[in-house]
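Every heavy atom of this structure was used, including side-chain atoms; hydrogens, water molecules and symmetry mates were not.
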Amino acid sequence: MAIAAAVTLAGCGSDDKDSSAEPELKVTGAYMPAPSMDSMAAGFFTVTNSGGADTLTSVTSDLADDVTLHSTNGGAMEEEKSFAIPADGRLDFASGGNHLMFEKLTHKPKQGEKVSVELHFAKSGTVKISMPVESATYTPETGH
């Protein structure tokens, strides 16, 4: 699929993508550390974009009444309204950095469970992912 996308992009005749180009998003590395409390959990993933710019505007899940986007700068967590995904760029949600907060959980997810999550993008619409619940101390190979 990546080869087909590369061939398609090469056929466009331009290496510069402007804001009108369609985004081509791929979500990888999604996981949720098993939460230590009944009311709140975190989520992490990476969005890779091989097309035009897009914006992550919100996230929903049956697991929680409220899923919010957060950044972390200098150890301080701050809620964000959206996150830009640059053309030919990526957006990382990783431990100690950008992350999702699942609040008012419908139940406390256990290791081995899969959580359904919908990522809502300004241009790409809704992307559904399955976020496996890993151990509370899980560190993916990518370092996220």
4.5 Å side-chain heavy-atom contact, Y31 and Y138: yes
Minimal non-hydrogen separation, P132 against S130, with atom names: CD-O, 3.4 Å
Verdict with supporting geometry, K110 and V133, side-chain contact (heavy atoms from CB on, under 4.5 Å): CA-CA 6 Å; K110 295 182 177 16; V133 180; 5.9 Å; no
N98/D92 under side-chain contact (heavy atoms from CB on, under 4.5 Å): CA gap, chis, key distance, verdict: CA-CA 7 Å; N98 300 333; D92 290 314; 5.7 Å; no
Smallest separation among heavy atoms of P35 and P109, with atom names: CD-O, 3.5 Å
Heavy-atom closest contact (F102 atom, S61 atom, distance): CE2-CB, 3.7 Å
Distance in Å, S124 OG paired with E24 CD, rounded so as to fall on 0.5 Å steps: 9.0 Å
Ring pair (Phe, Tyr, Trp, His ring centres under 6.0 Å) partners of F83, counting only residues at least two apart: F93
Reference residue V59; test side-chain contact (heavy atoms from CB on, under 4.5 Å); the match among D66, I129, V117: V117
L56 vs V47 side-chain heavy atoms within contact, under 4.5 Å: no
Side-chain touch H107/E113, heavy atoms, less than 4.5 angstrom: yes
M32 side chain near L100 side chain, heavy-atom distance below 4.5 Å: no
Qualifying residues under side chain to side chain contact (heavy atoms under 4.5 Å, CB included), relative to E118, sequence neighbours excluded: T60, H120, T126, K128
Whether T57 side chain and S82 backbone form a donor-acceptor pair below 3.5 Å: no
Between CD on residue Q111 and OG on residue S135, distance to nearest 0.5 Å: 5.0 Å
Side chain to side chain, R90 and N49, heavy atoms closer than 4.5 Å: no
Within-4.5 Å side-chain heavy-atom neighbours: P33 and F44: yes
Stepwise side chain to side chain donor-acceptor pair (under 3.5 Å) check, S116 with D62: CA-CA 7 Å; S116 294; D62 290 341; over 6 Å; no
Heavy-atom pair of closest approach, residues S36 and K108: O-NZ, 3.6 Å
N/O donor to acceptor pairs below 3.5 angstrom from side-chain atoms of residues 67-77, sequence neighbours left out:
unit_1	atom_1	unit_2	atom_2	d
T68	OG1	H70	ND1	3.4
T68	OG1	E103	OE2	3.0
S71	OG	E80	OE2	2.6
T72	OG1	G97	O	3.0

Check against side-chain contact (heavy atoms from CB on, under 4.5 Å), F45 and H99: CA-CA 8 Å; F45 56 92; H99 59 280; over 6 Å; no
4.5 Å side-chain heavy-atom contact, F121 and L25: yes
Audit row: V127, V27, side-chain contact (heavy atoms from CB on, under 4.5 Å) steps and yes/no: CA-CA 9 Å; V127 175; V27 180; 4.2 Å; yes
Approximate separation, where rounding is to 0.5 Å, of I85 CD1 and L91 CG: 5.0 Å
CG-CG distance between D54 and L119, expressed to the nearest 0.5 angstrom: 11.0 Å
